[in-house]
Protein chains: 2
Amino acid sequence: MNLILLFEDDFTDNGKHVRLSGRRHKHVIEICRASVGDKLCVGLCNAKMGTGCITALDDDALEMDVTLTECTPPALPVTLVLALPRPIVLKRMLSLVSGMGVKRIILFHSKRVEKSYWKSPVLKEENIKKQLILGLEQAKDTIFPKVELQPLFKPFIEDVLADIAKNTISLVAHPQSADPCPRYVHSHVTLVIGPEGGFIPYEIEKLINAGFKPVHLGERILKVETAVPALLSRLF
Amino acid sequence: MNLILLFEDDFTDNGKHVRLSGRRHKHVIEICRASVGDKLCVGLCNAKMGTGCITALDDDALEMDVTLTECTPPALPVTLVLALPRPIVLKRMLSLVSGMGVKRIILFHSKRVEKSYWKSPVLKEENIKKQLILGLEQAKDTIFPKVELQPLFKPFIEDVLADIAKNTISLVAHPQSADPCPRYVHSHVTLVIGPEGGFIPYEIEKLINAGFKPVHLGERILKVETAVPALLSRLF
C-alpha cells in the first residue's frame, strides 16, 4: 500500500479530515509504523492525490488532515479484452492491471474458459472492487478501472467488439501468429488475450474477421500473469 | 506444463525410451488426458526438445519413445540481479524468470531485505530447481538458469558486480530516477532490481559508482512480479 485510498464516507467534515479504521488503519500501524505528525501518501477515489498528516492514532482509528492537489499518473491508452481466467488468476490479474494503469477491462467467454469460472465469487462487484483497490494502492493511483463481463463469445465478438475497437490498433495475442507484437505504439490499443490453452481456430478466425491482428511475444508460452505486463510494457 | 522435462535417469535405455511416474505421469493422465499413441512435447534437461510418443500408460507409470531434434528457444541476453524477495514472491519469481528465458539470476542482499529471508527453505537447492522446472515446462525450454546467492551487499557490489557487468548495458531499476528504461536494446544487459520499498540512497550511490544507470518505468510503483516481466519485455 503505497497510497491510502480514501472514499467520500471516510471524511468527517467537508473534505479536509478523515477517520479510518479497519484494514487501512492496521496497515498504518503495522507496516508504515507511523505516528502522530507523520505524513502519508493519500488519494481520493476517482479524484486527486496528496498528503495525509496524522492528527490522531490509537487502537481504534486513525485520523488525518488531508490535502489533495496532485494529479494521478496517466492511464494506459488500452482496452484490455481478457478471456476470463481461473478465479485465483483473475484475482491477481485485476490488481495487476489496475496497478499498471488499465482503465477498461472486458472479461469474455471463449471455448477454453471453464463455464464454472463465471460463477466464481471473485466476479462479485465488491470482490472485483477489492482487487482493483489493491492495484491502485500499490501503484499510487485513484482512478478506478471499469470492468465489464461478456459471458457469450459470438454476440460479443460480432456485435460489441467492433465498436470498442473502432479507431484503435486492434491486436490479439496469439503465440502461433506470424507477426511480433509491435513496440511503443502511440495510439489507443484494443488488446485481446485468450485463455490458458489459447484460442481455438474458429475464435481466431472470428477475431481476424472483426479486424484484429494476431501477434506474438516470441516462442515461449507465457502465463497470462506474465504475458499481460510483458505486452503492456512493450506496447506503451 | 507445455513441455515434459526429462532427465538422464528417466531413460530406460540409451536415450530413446523413458519411463515416468509421479508428477509428470499424473499430469499426462489428468490434464493432458492422453492415451497410448498420443504425442507430447518433451525436452531433455539442458539439451534438445522434441516429441514423446506414448507406448504404455497405466496407473503406475507412463512410457514414451522420444525423439529429440529441436533447438530450445533463444535465451534473453540478460543477467538478472535481484534483491532477495519474500519467500512466497521468490518462488513465483524463479519460475517466472525461468519461463521468460533468463539464464543467470543473482539474488543479493540489501538494506530492505529482511535477514530472515536468507533462511527460507525456498532457497534450498532442490526447491530452487523445482521452481525453475515449472518455468521451463511452461515456456517450452530445457536450459536451466544458474542461480547465485550473494548475501553481503558491499562485497558483492564492490568486488563481484563490476566483473559481471563488464561490456554489458548496466541498469538499475529505480522509480525515482530521471531516465526511462531504454527499449529494445541489442546488447547484453545487467539488470539490477531492488527490494520491496526500494534501495536506500547509499545503495543507489554504490550502484552508480559501480557503473549502473538508474532507470524507471513511469510513475507507477509496480510489484516486483510485474516490474520484472515489464522490464524484460521492454528491453528485448
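Just so it is clear: chains get the letters A, B, ... in the order the sequence lines come, proteins before strands, and each one is counted from 1. None of the values given here were measured: they were computed from a predicted structure.
In terms of heavy-atom pairs under 4.5 Å with chain A, the best-connected choice from B:Lys140, B:Glu225, B:Arg92, B:Glu219 is B:Glu219.
The side chain to side chain contact (heavy atoms under 4.5 Å, CB included) with B:Met49 is formed by just one residue from the set B:Thr72, B:Val42, B:Leu6; it is B:Thr72. Considering A:Ser170, A:Pro214, A:Ser177 as possible partners of A:Ile208, the one that fulfils the side chain to side chain contact (heavy atoms under 4.5 Å, CB included) test is A:Pro214.
Between B:Leu231 and B:Ala173, the shortest heavy-atom distance links the atoms CD1-CB, 3.8 Å.
If you measure heavy-atom distances from A:Lys223 to chain B, the contacts under 4.5 Å come from both the backbone and the side chain. Proximity to chain B (any heavy atom under 4.5 Å) is shown, for A:Pro74, by both the backbone and the side chain. Only the side chain of B:Arg183 comes within contact range of chain A, with at least one heavy atom under 4.5 Å from a heavy atom of that chain. Using a 4.5 Å cut-off between heavy atoms, B:Leu222 touches chain A through backbone and side chain atoms alike.
Rounded to the nearest 0.5 Å, atoms CG (A:Asn127) and NZ (A:Lys91) are 8.0 Å apart.
Within a 6.0 Å radius of CD in A:Glu125, other residues, nucleotides and ligands contribute 12 heavy atoms or fewer.
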